[in-house]
Amino acid sequence: MQQAHAVAIDARRRLRPAGIAFGGDYNPEQWPEEVWAEDVSLMKEAGVSLVTAGIFSWAKVEPRPGEYDFTWFDRVMDNLAGAGVAVCLATMTASPPPWLSRLHPHILPETADGRRMWPGGRQHYCPSSGVYRSHATRLVERLATRYADHPALEMWHIGNEYGCHTPMCWCDESAADFRRWLSDRYGTVDALNDAWSTAFWAQGYDSFDEVLPPRLAPTFPNPAQQLDFARFSDDALLRCYLAEKEVLRRVTPDVPVTTNFIGVHKPVDAFRWAAEEDVVSVDVYQDPHDQDTHIAAGFIFDVTRSARGGQPWMLMEQAPGAVNWRDRNGPKPPGRMRLWSWQAVAQGADAVLYFQWRQSRGGAEKYHSAMLPHGGTGTRTFREVRELGHELASVPEIAGTRCAADVALVLDWNSWWALELDSHPSTALDQMEIALAHYRPLFEAGVVCDVVPPDRDLSGYRLVVVPNLYLLRERDATRLTDFVRGGGHLLVSFFSGIVDDCDRVHLGGYPAPLRDVLGLHVEEFWPLPEDGTVDVRHQDGTVGHADLWSEVVVPEGARTVAAFDSGPLTGQPAVTRHPFGEGSAWYVATRLAPEAMRTLMDEVCRTAGAGPVLAGLPERVQATVREGDGGRFVFLLNHGPEQVEVGLPEPMTDALAQGTPPSDRVTLPGAGVAVLRKP
Ligand code: GLA
């Protein structure tokens, strides 16, 4: 029997999806009104309980400045409420209407080389534009007032994917805003000169009026200026979000707010933004052509979960099948959309939504898949969507339960921005690649990990993994040191702890603030050429490979676990371990190839006592646990194509295979999923 999503009415007479919310972006303005009735009836058929609506509706609700027409949107909201579908209502500000840039061309963003970005796409506004913000907040005020008491209003979706197309703007208004921001940050121009090391290349400023954003320059623009511009730009976007949130809090104080992150996106510091949200949400677009796409997605899911300390989060967008924006857009093969949706739930999501409900007939995204494809309800995609909707509805108790982790992987946006600046020993260091090289062996070993900023409380973890923390504040280095002193285990990889908050080198021997805890210093960086590799010999005699980077490590108490075994650094330490206080600190001075990295991470996890959720998992099978008032759920996900058998420590029942008796063995077909409970 098909299970429907329960949607309850709360004390304030609003619809609340119970269990895992299911649905997608709903863009009714793309269709004649006759289609809307079919929309809601098919939504019910598919088990939809929540849609996010109005994201690109600005031009239709305010066709001329100050002239609003919400009547059509009233009918959309009423239809949805009538069908029992709750709405995550967008503030409609992601794509300004043509009249706004015609009347105020200065809202249009400019690139670093002074080119204007014109309307015709979307997100064509300068984040610092006062005109844009005042029109946006005026619209939000109208919207919030109109729908404050509408039964369909479940939550607010502010903006959309901040920083997706216009993460930074170099125009004159941005320049003025940047100067204000710098003056707040530094107080005096002398302090700015000091922070930016402007004595170098005769860059000393006499007044804030002389300061510009890092526009196209004859050679490397000042790195501290670039770093501050990344911070400022993130902040300018956040201020757009906060301006809208302020209106919503005033008009609808009881309605939660969110905004959807674009995966883990360099311009937007998810950890900082999450503190300003009631629920974190994220958009994840796996690439079906990449057989390890689930690992990268897993990383994003873990960042999203960790951003508000483990609180359940929303998968706001994913594609039901193919996207339209890669060069070659493969559809998700049968079962993969289900598997990857359950993966989000297994990693803590309480909502599975898609972009978008009905596939567009025209416009730039007409080849992007949708829950309801051009081909209608007789398609594989619609069938899979409908089946998943009802399957998710069959286990409502999962909602609200949480994942726990023994391991934390550290990610810091400030360090990311600084690491990828120009004029470094190597410009091949890519923060996400390095983070994933450390995440992958944990994921493959079935060890659940949180991803946290370096100022988070680390005391609950057994192991902290620092893939790269090029920029490290003294206070964060002290926290890492204290963590190890108190019995924690730490793994730090190369080119970490090198500069301070202003991109100035920490003197006293690299990596000065971590020198004590790691028991070593680094004398010289020795990055490898493109395609260059080096052998690394473990003390047990096995030889692995490494690439990208090497360095001259001088132990000061650390002992060598593995040494370079080819090239100019032959015989020198490549991996070290330093017993320190009650714990120990490992250091990795190169990028180990995946196999060698896995071997090392297994050894480090064993030492730290950080194990997998289930021992003896077959390759490419992921296991996680969620626990809470609703019970304890063990999720098994087979990311491989072949059928596998998984042994359990005790007999359990699979909530997705109702009627099957408890067993201590689970058979998972390729792309199979099981959600296990004790009988
Ligand atoms: C983003 C946007 C959506 C849509 C999808 C397509 O996530 O938020 O509006 O453009 O991409 O993948």
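Both ligands and their constituent atoms are indexed starting at 1 by order of listing.
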Interfacing atoms of ligand 1 (cut-off 4.0 Å, heavy-atom, Phe355): 3 (C), 4 (C), 5 (C), 6 (C), 9 (O)

His265/Trp273 aromatic ring centres below 6.0 Å: no

Region of Ile262 engaging ligand 1 - heavy atom pairs below 4.0 Å: neither

Salt-bridge contact Asp290-Arg326 (side-chain N to carboxylate O under 4.0 Å): no

For Tyr26, the option from Thr52, Leu80, Val48 that meets side chain to side chain contact (heavy atoms under 4.5 Å, CB included): Leu80

Ligand-side contact atoms (ligand 1) for residue partner Phe56, heavy atom cut-off under 4.0 Å: 9 (O)

Numbered atoms of ligand 1 (with element) below 4.0 Å of Trp325, judged on heavy atoms: 6 (C), 12 (O)

Nearest-contact summary for atom 11 (O) of ligand 1 - protein heavy atom, Å: Glu317 OE1, 3.7 Å

Sidechain-backbone polar pair: Trp313 side chain, Gln347 backbone, donor-acceptor under 3.5 Å: yes

Note: Asp302-Arg305 ion pair, threshold 4.0 Å (strictly below): yes

Ligand 1 to Glu161 polar contact by distance, N or O atoms, under 3.5 Å: yes

Asn324, any N or O under 3.5 Å of ligand 1 N or O: no

Heavy atom of Gln356, distance to ligand 1 below 4.0 Å: no

Pair Asp350 + Arg626: basic N to acidic O under 4.0 Å: yes

Protein residue, atom and distance nearest to atom 10 (O) of ligand 1, heavy-atom basis: Glu365 OE2, 2.4 Å

salt_bridge(Glu384, Arg338) N-O dist < 4.0 Å: no

Identity and distance of the protein heavy atom lying nearest atom 9 (O) of ligand 1: Arg122 NH1, 3.0 Å

Among Val140, Val247, Leu248, side chain to side chain contact (heavy atoms under 4.5 Å, CB included) partner for Trp156: Leu248

Mode of Gln318 contact toward ligand 1 - side chain, backbone, both, neither (heavy atoms, under 4.0 Å): neither

Closest approach of any protein heavy atom to atom 6 (C) of ligand 1, naming residue and atom: His368 NE2, 3.1 Å

Main-chain N/O of Ala148 paired with Thr252 side-chain donor or acceptor, under 3.5 Å: no

Per-atom contacts, ligand 1 versus Asn160 - under 4.0 Å to a heavy atom: 2 (C), 8 (O), 9 (O)

